[in-house]
Trainee: 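Let me give you the structure first, and then I'll get to my questions.
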Amino acid sequence: GENVEQHPSTLSVQEGDSAVIKCTYSDSASNYFPWYKQELGKRPQLIIDIRSNVGEKKDQRIAVTLNKTAKHFSLHITETQPEDSAVYFCAASGSGGGADGLTFGKGTHLIIQP
Amino acid sequence: DAGITQSPRYKITETGRQVTLMCHQTWSHSYMFWYRQDLGHGLRLIYYSAAADITDKGEVPDGYVVSRSKTENFPLTLESATRSQTSVYFCASSSGARNQPQHFGDGTRLSIL
């Protein structure tokens, strides 16, 4: 089954700086890689996703890159703002045990320092 | 997104009791999923359903039962609750299997004493 590793577990950056969160996956058959943002006590919300036929995708201050050969993908947030503070989860479309569904990383707590 | 709702939002029960968590979606999505979220483990897939009357196990299915008699509903039952099942449970739905976005409900915080 799929295994997703996410780093770092905590990331503190100054407001206005960039933040990068990295994930690796194990199943070469995975072809869909979403990123979710979760604020305290709230639901995970999809912020950006990428499919395996694309190397990079941008949406305003957020970008995701994918390296299929190395089996890793990254989330880049530029010009960070206080509202970016949250836990971010990466996921890959392969699932543990071969099930349909997503396998998630353990999350990165992003702290934006004023 | 009001399209997927979970109930109850909070539940406290005792070990050995049966408890059912409800999930309802209005998007007519074919796929529905149940995840549990625990500190240090992230989100883990419990069960999923590809369509009405089709369900399958995920990564951590032991102690849980699901059914899907109607496309819009996907209840999760703990037949005999244990303390290790204390968690936050999220339901999600998607229009497809592995390569379509999943949209989550607000979650149910379940405490088992």
Side-chain angles (χ1 to χ4, degrees), chain A residues 1-7 9-10 21 23 25-54 57 59 64 66 68 86-109, chain B residues 1-7 9-10 23 25 27 29-51 54-62 64 66 68 74 88-109:
Chain A
E2 178 68 279
N3 183 50
V4 176
E5 300 283 341
Q6 183 172 348
H7 299 281
S9 56
T10 303
I21 302 170
C23 290
Y25 63 99
S26 62
D27 187 352
S28 57
S30 289
N31 60 3
Y32 175 65
F33 306 92
W35 286 87
Y36 286 84
K37 175 184 180 181
Q38 187 178 30
E39 297 175 352
L40 188 62
K42 300 287 184 65
R43 71 176 77 185
Q45 290 198 302
L46 179 71
I47 56 172
I48 195 167
D49 57 10
I50 191 168
R51 291 180 171 78
S52 58
N53 58 344
V54 175
K57 184 177 179 181
D59 183 3
V64 58
L66 171 65
K68 286 179 57 180
V87 178
Y88 292 80
F89 293 95
C90 63
S93 58
S95 290
D100 285 334
L102 296 172
T103 299
F104 286 82
K106 289 183 168 54
T108 296
H109 185 192
Chain B
D1 297 57
I4 183 165
T5 55
Q6 293 183 236
S7 62
R9 291 295 314 280
Y10 304 92
C23 180
Q25 55 105 356
W27 291 311
H29 283 167
S30 56
Y31 276 81
M32 295 186 75
F33 307 86
W34 275 106
Y35 293 90
R36 61 178 290 175
Q37 185 174 35
D38 305 286
L39 279 174
H41 290 280
L43 288 147
R44 292 181 290 173
L45 182 65
I46 304 171
Y47 268 95
Y48 70 100
S49 169
I54 300 175
T55 62
D56 211 341
K57 297 178 180 179
E59 182 184 353
V60 289
D62 293 344
Y64 303 95
V66 293
R68 195 161 176 213
F74 190 38
V88 180
Y89 291 85
F90 286 99
C91 178
S93 72
S94 171
S95 60
R98 295 193 175 200
N99 63 352
Q100 296 300 320
Q102 292 186 19
H103 301 280
F104 285 78
D106 286 328
T108 295
R109 184 174 295 274

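Letters A, B, ... mirror the listed sequences (proteins, then strands); counts begin at 1. Below, each value reflects all heavy atoms present in this structure, side chains not excepted, and no hydrogens, waters or symmetry copies.
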Trainee: Please look at Asp106(B) and chain A and tell me whether the side chain, the backbone, both or neither of the residue comes under 4.5 angstrom of a heavy atom of that chain.
Mentor: both
Trainee: So which part of Tyr36(A) gets closer than 4.5 Å to some heavy atom of chain B, the side chain, the backbone, both or neither?
Mentor: side chain
Trainee: In Å and rounded to the nearest 0.5 Å, what is the CG to NE2 distance from Leu46(A) to His103(B)?
Mentor: 6.5 Å
Trainee: Show the nearest heavy-atom pair for residues Leu102(A) and Tyr35(B), with the distance to one decimal.
Mentor: N-OH, 3.2 Å
Trainee: Please report the shortest heavy-atom distance between Arg51(A) and Pro101(B), naming the atom on each side.
Mentor: NH2-CD, 4.0 Å
Trainee: In terms of heavy-atom pairs under 4.5 Å, which option from Gly107(B), Gly105(B), Ala50(B), Ala92(B) contacts chain A the most?
Mentor: Gly105(B)
Trainee: Considering residues at least two apart in sequence or located in another chain, which fulfil the salt bridge (charged side-chain N to carboxylate O under 4.0 Å, His left out) criterion with Glu5(A)?
Mentor: none
Trainee: Which atom names give the shortest non-hydrogen contact between Arg43(A) and Phe90(B), and what distance separates them?
Mentor: CA-CE2, 3.7 Å
Trainee: Roughly how far apart are Glu2(A) CD and Leu45(B) CG, rounded to 0.5 Å?
Mentor: 13.0 Å
Trainee: What part of Lys42(A) gets within 4.5 angstrom of chain B, counting heavy atoms only: side chain, backbone, both, or neither?
Mentor: backbone
Trainee: Please classify the contact between Pro44(A) and chain B as side chain, backbone, both or neither, with a heavy-atom cut-off of under 4.5 Å.
Mentor: both
Trainee: Side chain from CB out, backbone as N, CA, C, O: work out which of these in Gln37(B) comes under 4.5 Å of a heavy atom of chain A, or both, or neither.
Mentor: side chain
Trainee: Rounded at 0.5 Å granularity, tell me how far OH in Tyr32(A) sits from CD in Gln102(B).
Mentor: 8.0 Å
Trainee: Let me know if Gln6(A) has heavy atoms under 4.5 Å from chain B in its side chain, its backbone, both or neither.
Mentor: neither
